[in-house]
2 protein chains.
Amino acid sequence: MPRQGSTANGRRATVVDVARLAGVSTATVSRVMNRNYPVAAATRERVEEAMRELGYVVNAHARALAGVSGRTVGIIISDVVDPFYAYIARGVEREATAGGRLCLVCSTQGDPQRELAFIELMHERRADAVILVGGSVADRGYRTELERRARELDAGGSKLVLCGRPSLGKDAPTVGVEYDNEGGAFAITDHLLAEGHERILYLGGPPGLSTTKERIAGHRRALEQRGLPRDPALVQPGAFSRQFGHRRMTELLRDGPEFTAVFAANDIVAAGAAQALEEAGMRVPQDVSLVGYDDVPVAQELRPRLTTVHIPLEEMGRQAVRVALAGGDEDDWRAPTTGTLRLGTHLVVRDSVAAPRVVRRRRG
Amino acid sequence: MPRQGSTANGRRATVVDVARLAGVSTATVSRVMNRNYPVAAATRERVEEAMRELGYVVNAHARALAGVSGRTVGIIISDVVDPFYAYIARGVEREATAGGRLCLVCSTQGDPQRELAFIELMHERRADAVILVGGSVADRGYRTELERRARELDAGGSKLVLCGRPSLGKDAPTVGVEYDNEGGAFAITDHLLAEGHERILYLGGPPGLSTTKERIAGHRRALEQRGLPRDPALVQPGAFSRQFGHRRMTELLRDGPEFTAVFAANDIVAAGAAQALEEAGMRVPQDVSLVGYDDVPVAQELRPRLTTVHIPLEEMGRQAVRVALAGGDEDDWRAPTTGTLRLGTHLVVRDSVAAPRVVRRRRG
DNA sequence: GTGAAAGCGCTAACAA
DNA sequence: TTGTTAGCGCTTTCAC
């Protein structure tokens with residue numbers, strides 16, 4: 001008795017084997033698999049029986065080669081564990097699955113070279129779309145390379161989607177999904193300002209990263225609108241990590257500038273800062289107010305619960321695949337090969353902000 | 001001028017195009033791509049130039065069809081956003097990438113039918129391995145189906161890896177990576193017992209799920225070892241969600257049995273329970289002790305910080321791909337087609353446990 | 001060192 | 001309704 005799932009001589013079963021066993025042609029086998037063409041009930045029955053008996057599993061590569069889409073979308077993020085990316089990935093995965101597609105995921109740990117390499121890999125697999133998620137640092141060479149890949153992808157009928165990162169320019173064949181990053185930063189800073197804070201520390205976020213720049217820009221616009229000066233000592237970029245938030249906050253509490261509120265670059269950094277504050281015996285929000293960005297789950301676990309900016313992360317992921325696949329079906333020459341969808345953000349007020357009470361200690 | 005990335009007539013460039021432009025045969029083009037065979041420097045140069053000029057990108061499907069591995073591993077989890085799965089996924093992704101492989105991710109939302117469907121899909125793509133993560137409910141039909149898929153996969157040279165779920169039996173061609181789930185539950189319960197707790201509420205975890213069963217088994221063993229009775233009213237399974245933890249804890253506080261400690265089925269459930277306790281004005285650990293399981297980040301954010309059981313999640317992911325790919329390279333008939341790797345768990349003592357003080361309110 | 005040609009497994013005309 | 005057959009793009013003997 002042959003092992004199930006293989007033919008007598010040990011090979012994997014193929015359409016030819018199935019056809020032979022069922023006494024039909026390979027075309028018929030193909031037709032019963034794809035149900036895209038009429039096949040007599042009796043014939044279909046025999047074919048299905050043969051497939052079962054042989055443990056036949058269609059070869060997706062052969063099928064893709066023969067011309068049908070591989071039905072894959074690729075997503076490139078910096079870390080699956082980071083909730084910011086995880087929620088976007090969930091949106092992508094759900095939308096892809098809803099469209100009968102599989103999702104290829106790559107993590108780069110923030111390395112631009114790996115981004116490029118992964119785009120290439122997904123292109124080789126003929127992914128229907130590749131979605132690049134998260135901010136980027138402005139780099140001439142990198143930008144050029146990315147644009148080249150975008151063109152290659154486009155020439156092959158796939159789309160490069162920029163999700164939460166700036167466009168490559170009007171002539172690059174990419175499509176984008178953004179969120180109102182600057183606006184969210186403006187809103188939350190203004191919230192702090194309205195409570196009476198005048199010295200706000202901006203903490204964390206890789207310097208040079210587009211995400212950081214936009215958040216700081218919104219922050220500054222709010223300051224300017226109220227006629228407040230910008231103090232360089234009050235912006236302390238760094239990593240998007242809990243560890244950074246904790247360490248830097250600790251240092252700053254010891255010998256940094258005075259401030260009455262902290263605007264952490266994201267909720268994770270805020271969690272680290274909160275711990276530092278706690279260890280230093282400072283109460284939030286009585287002694288210092290604290291806000292974050294992203295509105296990921298940790299914001300609700302912190303005590304006091306964190307006031308932050310909500311980003312429709314999962315929705316961004318969904319839209320990224322929609323936008324990439326829209327009109328990609330046929331050759332509509334007018335289909336916009338470029339364009340950006342922008343989603344809104346909004347302030348989520350919880351318990352970590354109060355009016356300032358005492359000015360924090362003077363410097364060093 | 002032809003669009004970059006395509007030939008004059010608009011098709012994607014193929015080896016044939018490259019060969020023609022470089023004035024060599026397709027075999028030579030293949031050889032320069034794969035660097036697995038000597039090619040004259042000058043020839044190589046011409047070919048590479050042609051590839052660049054044409055924007056040539058190899059077709060992974062054609063390559064796979066021609067016999068080289070697709071270098072893909074598939075992972076099936078229930079939700080990318082859940083840190084338990086996210087950390088395992090990170091391990092899988094990292095190990096896969098380290099081995100030059102790409103990672104296909106599927107989320108099932110806990111639906112066994114989708115699990116089966118996804119396994120099929122990954123098989124169609126000829127994944128080198130498919131990793132099934134997380135507990136399962138014992139179901140005759142499902143088990144049979146799964147075993148059938150495992151055989152098909154095995155017949156095709158791929159491996160089904162059971163990660164954190166019970167084996168299908170000695171004769172099923174699967175490989176496994178587990179963690180000492182029962183032992184961790186025993187240890188943490190015993191920790192509570194040692195502090196003097198005698199009425200411990202077990203909260204959450206889908207009933208029937210292998211993960212739940214094992215944790216409860218460890219919990220009971222600890223109780224028995226100390227000669228304590230098991231009270232059915234004290235085990236309240238449910239979902240693995242924050243919402244469940246919160247809702248059920250609230251109800252139980254109102255009209256449940258007496259208890260002095262809560263063993264939440266995982267850290268997420270613990271977070272929900274903590275909130276319910278907080279809302280009811282009960283302090284942890286003074287009024288009631290609380291412990292979780294998994295040791296995911298939220299455990300460190302809760303106040304008091306949560307005592308829990310650490311699971312080497314990322315390591316499990318890594319091992320899952322190692323174990324699946326080990327010896328899968330050639331036809332070593334002795335290579336174990338089955339076998340399970342078991343990793344340890346350990347108690348992480350933080351601040352959420354203290355000796356019992358008052359017995360919680362009586363029922364009804 | 002390089003080329004010719006035979007597949008790999010499937011789909012889609014085109015015939016019958 | 002079903003069969004025949006020509007590819008899809010690449011790798012890989014086997015010759016030269």
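Quick caveat: nothing in here was measured; it's all calculated off a predicted structure. Chain identifiers are assigned alphabetically (A, B, ...) following the order of the sequence lines, protein sequences preceding nucleic acid strands; residue numbering begins at 1 within each chain.
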Protein N or O to nucleotides 13-16 of chain D N or O, pairs below 3.5 Å:
none

Within the distance-only criterion (no hydrogens, no angle test), does the side chain of B/R90 pair as donor or acceptor with the backbone N or O of A/V81 below 3.5 angstrom?
-> no

Within the structure, does a side-chain N or O atom of B/N59 lie under 4.0 Å from either OP1 or OP2 of D/dC8?
-> no

Hey, which of these two, B/T28 or B/A66, hits DNA chain C nearer its 5' end, going by closest nucleotide?
-> B/T28

Would a distance-only check, ignoring hydrogens and angles, find a side-chain to backbone donor-acceptor pair under 3.5 Å from B/E93 to A/S107?
-> yes

Output all residues satisfying salt bridge (charged side-chain N to carboxylate O under 4.0 Å, His left out) with A/R94, sequence neighbours left out; order by chain, then residue number.
-> A/E314

Mind checking what makes salt bridge (charged side-chain N to carboxylate O under 4.0 Å, His left out) contact with A/R125, not counting sequence neighbours?
-> none

With sequence neighbours excluded, residues passing salt bridge (charged side-chain N to carboxylate O under 4.0 Å, His left out) with B/E49 | B/R52

Does A/D128 come within less than 4.0 Å of A/K159, counting only side-chain N to carboxylate O?
-> no

Pick base, sugar-phosphate or nothing for B/V16, based on heavy-atom distances below 4.0 Å to the nucleic acid.
-> nothing

Output all residues satisfying salt bridge (charged side-chain N to carboxylate O under 4.0 Å, His left out) with A/R31, sequence neighbours left out; order by chain, then residue number.
-> none

Residue list, side-chain contact (heavy atoms from CB on, under 4.5 Å) with A/T108, at least two apart or on another chain | A/I76, A/S78, A/R114, A/E115, A/F118

May I have the list of side-chain donor-acceptor pairs in residues 38-46 of chain A shorter than 3.5 Å, sequence neighbours left out?
unit_1 : atom_1 : unit_2 : atom_2 : d
A/R46  : NH1    : A/A22  : O      : 2.7

Classify the nucleic acid contact of A/V58 as base, sugar-phosphate or nothing, counting any heavy atom under 4.0 Å across all strands shown.
-> sugar-phosphate

Counting any heavy atom closer than 4.0 Å, what does B/S30 reach on the DNA or RNA strands: base, sugar-phosphate only, or nothing?
-> base

Rounded distance (Å) that lies between atom P of D/dA6 and atom CG of A/L65 = 17 Å

Is there a residue in residues 39-48 of chain B whose heavy atoms reach under 4.0 Å of DNA chain D, and which residues are they?
-> none

Taking the side chain from A/R143 and the backbone from A/L168, do they hold a donor-acceptor pair closer than 3.5 Å?
-> yes

What are the 5'-most and 3'-most nucleotides of DNA chain C lying under 4.0 Å from any heavy atom of chain B?
-> C/dG1 to C/dG9

So, B/R165 side chain and B/G134 main chain: donor-acceptor pair closer than 3.5 Å or not?
-> yes

B/V68: side-chain contact (heavy atoms from CB on, under 4.5 Å) partners, not counting sequence neighbours | B/R63

By a strict heavy-atom criterion of less than 4.0 Å, which residues belonging to residues 18-26 of chain B are in contact with DNA chain C?
-> B/G23, B/V24, B/S25, B/T26

End-to-end bend of the helix from C/dG1-D/dC16 to C/dA16-D/dT1 (five-pair axes, 10° rounding)?
-> 30°

Is B/N34 reaching over with its side chain to a backbone N or O of B/S30, donor-acceptor style, under 3.5 angstrom?
-> yes

So, does B/R126 use its side chain to make a donor-acceptor pair with the main chain of B/S158 at under 3.5 Å?
-> no

May I have the distance from B/H61 (atom NE2) to D/dC10 (atom C1'), rounded to whole angstrom?
-> 13 Å

Between B/T72 and B/R101 the two heavy atoms that sit nearest each other are N-CG, 3.6 Å

Under a 4.0 Å N-O cut-off, is there an ion pair linking A/E48 with A/R35?
-> yes

